[in-house]
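Here's the structure, in structure tokens; my notes come after.
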Amino acid sequence: HGCSIHIKQPQRQVRHHIAPLRSLHFFIPASNRGTPTPTAIVLTADTTGSVVIHDELRDFQITNCPDSAGAASPPAGCPVLQRGGSQCARYADSQHLLLFTLPGFRYVGKIRIPTGDITTFDFAYDGDHVLVGSSDGHLRIFLAATQALVMDLNLLSKPVTAASLGSFTVAHPFTGRAMLVTCSGNTLVTASVLALQDMQGPARPTVHRAGEQTFLAHASPAFLLRFTPDGLLSVSPSEAVLWSAPGGYAAAMA
């Protein structure tokens, strides 16, 4: 069946970067969420590492340009900025991420990986954990509040190009399990089950991934994996694929 797409003229055009955009995020502050027409702030970041914050309440004018001195340009496919709840992580250099709180973009801490170079990073669905993939095939999971390393997975293929961790409370509130989806070293998307108890205590490198399954959907490695209410979205340079899970991804893990 055919479908039609109606293209509307943009309501606002914001041009405050001299380099191509790499990351864009919307955030509605808690103080605005109870209003009849909640307004958002927009965070944009370009390939040079520069971040600009716009406020919808002020007609998307610039309200903050966080200092980018010393920030390095991320490698191709790696984001500059990721948001999880009221926090965001910013690429600093090949081994460090900086964490900030929103809406004020206040610095709270730094994440460091011990080996390899950062190739991708994102917040888990719960916003409490940060996933960091590296060029040596490791996926490390950090607790955002303390920046402590809680899990170190060796995916056995490199580099890690994308990773996403579902919600422990939404998927299995009583057993504390969530779905982990990754792409590394090839075009395969790999799903497995991660237990919350596995992230207690000192992190030790491991290759074990419970219930591991692999899927082939892309001609080139995916650079974005994102859970939706009904399944998963995976995006590569040439394709976007929606994976459906009847009953949601919680049912897919049962």
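Because the structure is predicted, anything quoted here is derived from the model rather than measured.
- When all heavy atoms are compared, the tightest approach of T48 to A19 is CG2-CB, 3.6 Å.
- With values rounded to the nearest 0.5 angstrom, N186 atom CG is found 4.0 Å from L188 atom CG.
- Without hydrogens or angle criteria, Q61 side chain to H54 main chain gives no donor-acceptor distance under 3.5 Å.
- Here the side chain of T187 pairs no donor or acceptor atom with the backbone of A219 at under 3.5 angstrom.
- Taking the six-membered ring where the residue is Trp, the centroids of Y125 and F227 are separated by 6.0 Å or more.
- In this structure the side chain of M179 never reaches within 4.5 angstrom of the side chain of S192, judged on heavy atoms.
- Here the side chain of E239 pairs no donor or acceptor atom with the backbone of S236 at under 3.5 angstrom.
- Using a 4.5 Å cut-off on side-chain heavy atoms (C-beta onward), K158 and H138 make no contact.
- Proximity of a side-chain donor or acceptor of T161 to a complementary backbone N or O of A222 within less than 3.5 Å is detected.
- Distance check, rounded to the nearest 0.5 Å: NE2 of H96 to NZ of K110 gives 5.0 Å.
- Of all heavy-atom pairs spanning I141 and L149, the tightest one is O-CD1, 3.6 Å.
- With hydrogens and angles left out, the side-chain atoms of S157 and S184 include a donor and acceptor closer than 3.5 Å.
- A donor-acceptor pair under 3.5 Å links the side-chain atoms of Q87 to the main chain of G127, judged by distance alone.
- Side chains of V108 and R106 form a contact here, defined as non-hydrogen atoms less than 4.5 Å apart.
- R83 contributes a side-chain N or O that, together with a main-chain N or O of G85, makes up a donor-acceptor pair within less than 3.5 Å.
- Placement of L97 and L224 in two distinct hydrophobic clusters is found when ILVMFWY residues are connected by side-chain heavy-atom separations under 4.5 Å, directly or transitively.
- Taking the side chain as every heavy atom from C-beta outward, L180 and L153 approach each other to under 4.5 Å.
- Contact check for T63 versus I41: no side-chain heavy atoms found under the 4.5 Å cut-off.
- L233 and F123 end up in different hydrophobic clusters when Ile, Leu, Val, Met, Phe, Trp and Tyr side chains are linked at under 4.5 Å.
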*Go through I62 and I53 one step at a time and tell me if the side-chain contact (heavy atoms from CB on, under 4.5 Å) criterion holds.*
CA-CA 6 Å; I62 295 176; I53 300 177; over 6 Å; no
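- The two residues T39 and P29 come nearest to each other via the heavy atoms O-CD, 3.8 Å.
- In the hydrophobic clustering of ILVMFWY residues, with side-chain heavy atoms under 4.5 Å counting as a link, L131 and L194 come out together.
- Taking the charged nitrogens against the carboxylate oxygens, D46 and R22 have no contact shorter than 4.0 Å, which rules out a salt bridge.
- Between F121 and P79 there is a side-chain heavy-atom pair separated by less than 4.5 Å.
- Between the side chain of R226 and the main chain of S164, no donor-acceptor pair closer than 3.5 Å is present.
- Aromatic ring orientation, F100 versus F105: parallel (interplanar angle below 30°, classes split at 30° and 60°).
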*asked:* Determine whether C88 and L102 satisfy the following criterion, side-chain contact (heavy atoms from CB on, under 4.5 Å), listing intermediate values before the conclusion.
replied: CA-CA 7 Å; C88 63; L102 297 172; 4.1 Å; yes
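- Remark: the backbone N or O of G109 is not paired with any side-chain donor or acceptor of Q147 at under 3.5 angstrom.
- For the pair S238 and S220, the minimum side-chain heavy-atom distance is below 4.5 Å.
- Residues I111 and V130 have side chains in contact (heavy-atom distance under 4.5 Å, counting atoms from C-beta outward).
- Looking at every heavy atom in both residues, D136 comes nearest to G116 through OD2-N, 3.6 Å.
- Smallest separation of non-hydrogen atoms from T119 and P75: CA-CG, 4.5 Å.
- Between the T120 side chain and the C78 main chain, no donor and acceptor come within less than 3.5 Å of each other.
- Under 3.5 Å, the side chains of S23 and R90 contain no donor-acceptor pair of N or O atoms.
- Donor-acceptor pairing under 3.5 Å is recorded for the side chains of H218 and S234.
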*What do the steps show when you test T182 against L139 for side-chain contact (heavy atoms from CB on, under 4.5 Å), and what is the final call?*
CA-CA 9 Å; T182 62; L139 176 68; 3.8 Å; yes
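- Note on L43 and F60: separate hydrophobic clusters, where clusters join Ile, Leu, Val, Met, Phe, Trp and Tyr whose side-chain heavy atoms are under 4.5 Å apart, directly or indirectly.
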*Do V132 and F142 pass the side-chain contact (heavy atoms from CB on, under 4.5 Å) test, and can you show the C-alpha distance, the side-chain angles, and the key distance before you say yes or no?*
CA-CA 8 Å; V132 185; F142 296 83; 3.9 Å; yes
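- By the criterion of side-chain heavy atoms lying less than 4.5 angstrom apart, applied directly or through intervening Ile, Leu, Val, Met, Phe, Trp or Tyr residues, I118 is not grouped with L98; the two fall into different hydrophobic clusters.
- The two residues F27 and P103 make their nearest non-hydrogen contact at CE2-N, 4.0 Å.
- Side chain of S135 to backbone of D117: a donor-acceptor contact under 3.5 angstrom is found.
- From D152, atom CG reaches atom CD1 of I113 across 10.0 Å, with rounding to the nearest 0.5 Å.
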